Each structure stands twice: as structure tokens, then as C-alpha cells.
Amino acid sequence: MMSNMNTLILPGKKALTNIQTPILSFRYFCSQTSSSSAPSSSPSAPNNKLFVAGLSWSMDERSLKDAFSSFGEVTEVRIMYDKDSGRSRGFGFVNFTNENDAQCAKDAMDGKALLGRPLRISFALDKVRGGPVVIPRLSNVNNMMGQRS
DNA sequence: TGTGAGCGT
């Protein structure tokens, strides 16, 4: 079969065959021993999607992806812009392939200043369009207050 | 235009 793995072809890029390309993507090694160290102090459950707030208004998705791609494979980067002024709303979302990379990027970039602004990174909420909205009700309070034995 | 907590098509 075809076991010629010498040619590395990246989607959207040129074939890196004869080009002596310097390694631009430095992999950030974090001291993540095991995946069992789930962060209990995180506001939400750890996902592959990171909520990055505190972005500078001059920050674009390219710079954000370039800043986060050092921790792992970033699949999607989205910055929320204001529909009226068209300016960045100051927060965005970074998708990682691995959950470990997202955790590493969060742990490493949280609080760090990017373009003069300190970043506030946390795991994104699981926003599902059309999902069930669970509204806590106090209908059981009456039952709890007037418990019969 | 300036502003700075937050969770989006």
C-alpha cells in the first residue's frame, strides 16, 4: 500500500516536501500529568471550547488563533462583534481538538495580558440552539415546607 | 469617539 509519509500536505497550505520550513508552531508543554485532575474551581464543566474574555478591541481571530495554537490544535476561533458598531465585543471562543489542550491553554493564558489587556479564560457554556431550557421552580417548596409524616 | 463585565450564529 501507500506508505509514503514523507510528503506532508496541510489543507490550505503548500506541500512541505522540499521546503526547509522552520518550526513556527511551538508546542507548549504543560505539566498535565493525568486527565483525572478535573478543575473543580471552573464555573462550568471542562469542554473543548474556551470562553476568552478581556480581549482587546483591536484583537482579531487570526491573532487569537495564533496565540492559542501553541497549546494545541485549534479548530475554530470566533470573536463576537457588535452588530451595530461592528466592533469587537471583547470576548470570543476558541475551539480545541483535545480537552487537555484547552485546559492547558486556559491554565496558561488565563490572566495573561494580550495586547495590553488581561485575558479572562473559562470554559464556554454549552449553548445548544433549541435545547431544553431548565428553569428552576419553587413549586416543590410547598411540598418541602409542609412535609407530612 | 470614549467604555471593560461577560457566554455566542
Side-chain angles (χ1 to χ4, degrees), chain A residues 5 7-17 19 21-147:
Chain A
M5 290 295 185
T7 305
L8 178 61
I9 300 178
L10 298 178
K13 293 186 178 181
K14 298 178 181 178
L16 303 177
T17 42
I19 309 175
T21 54
I23 301 176
L24 296 178
S25 60
F26 294 100
R27 180 57 185 268
Y28 192 90
F29 293 98
C30 57
S31 60
Q32 187 80 15
T33 55
S34 61
S35 61
S36 62
S37 61
S40 59
S41 61
S42 59
S44 62
N47 295 326
N48 299 3
K49 188 176 293 183
L50 253 54
F51 170 75
V52 182
L55 293 176
S56 178
W57 291 323
S58 59
M59 172 69 68
D60 52 353
E61 296 181 353
R62 186 187 60 184
S63 301
L64 188 61
K65 183 178 182 180
D66 184 67
F68 278 87
S69 59
S70 302
F71 304 95
E73 186 178 359
V74 178
T75 58
E76 184 181 0
V77 173
R78 179 170 294 186
I79 294 181
M80 292 302 152
Y81 295 93
D82 188 72
K83 59 181 179 180
D84 296 329
S85 61
R87 189 165 299 183
S88 173
R89 295 210 278 171
F91 69 94
F93 299 93
V94 178
N95 262 61
F96 279 90
T97 304
N98 299 329
E99 182 179 311
N100 189 15
D101 297 335
Q103 173 66 35
C104 178
K106 174 185 175 300
D107 188 60
M109 293 293 290
D110 190 16
K112 296 298 179 62
L114 196 59
L115 294 184
R117 286 292 176 181
L119 264 54
R120 319 182 78 190
I121 305 176
S122 59
F123 289 101
L125 300 178
D126 198 2
K127 284 286 185 119
V128 178
R129 186 173 55 184
V133 180
V134 179
I135 302 176
R137 291 191 176 186
L138 299 178
S139 60
N140 293 330
V141 172
N142 192 11
N143 191 11
M144 293 172 62
M145 295 294 288
Q147 282 184 349

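All of these numbers come straight from a predicted model, not from anything done at the bench. Naming: A, B, ... by sequence-line order, numbering from 1 per chain.
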In whole angstroms, how far is the C1' atom of dT9(B) from the CE atom of M80(A)?
-> 7 Å
Whole-Å distance between dC7(B) P and N95(A) CG?
-> 18 Å
Rounding to a whole Å, what distance do you find between D84(A):CG and dT3(B):P?
-> 19 Å
Would you kindly give the CH2-to-P distance between W57(A) and dT1(B), to the nearest whole Å?
-> 11 Å
Could you tell me whether R89(A) atom CZ has more than 12 heavy atoms of other residues or ligands within 6.0 Å of it?
-> yes
What do you reckon, is CD of E73(A) surrounded by more than 12 foreign heavy atoms closer than 6.0 Å?
-> no
Identify which nucleotide among dT3(B), dG6(B), dC7(B) has an atom closest to any side-chain atom of A53(A), counting heavy atoms from C-beta outward.
-> dG6(B)
Sugar-phosphate, base or nothing in reach of G54(A), heavy atoms under 4.0 Å = base
Going from CE on M59(A) to CG on L114(A), what distance comes out if it is rounded to the nearest 0.5 angstrom?
-> 3.5 Å
Choosing from dG6(B), dG4(B), dT1(B), which nucleotide comes nearest the side chain of R87(A)?
-> dT1(B)
Rounded to the Å, how far apart are R78(A) CZ and dT9(B) C1'?
-> 6 Å
Give K83(A) one of three labels, base, sugar-phosphate or nothing, depending on what nucleic acid heavy atoms sit under 4.0 Å from its own.
-> nothing
So, do F91(A) and dG4(B) meet the stacking rule of ring centres under 5.5 Å and planes under 30°?
-> no
If you check every side-chain atom of R89(A), which of dC7(B), dG6(B), dG4(B) has the closest atom?
-> dG6(B)
With a 4.0 Å cut-off on heavy atoms, is L50(A) in touch with a base, just the backbone sugar-phosphate, or nothing at all?
-> nothing
Report the residue (Y81(A) or R120(A)) whose heavy-atom-nearest nucleotide on DNA chain B is the more 5′ of the two.
-> R120(A)
Examine the side chains of S63(A) and D66(A) and answer whether a donor and an acceptor come within less than 3.5 Å of each other.
-> no
Quickly work out the K49(A) NZ to dG6(B) P distance and round it to whole Å.
-> 21 Å
Hey, which of these two, S85(A) or R117(A), hits DNA chain B nearer its 5' end, going by closest nucleotide?
-> S85(A)
How about F51(A) and F93(A): are their ring centres within less than 6.0 Å of each other?
-> yes
In whole angstrom, give the distance that lies between atom CZ of F51(A) and atom P of dC7(B).
-> 6 Å
What is the distance, rounded to the nearest whole Å, between atom CG of D82(A) and atom P of dT1(B)?
-> 11 Å
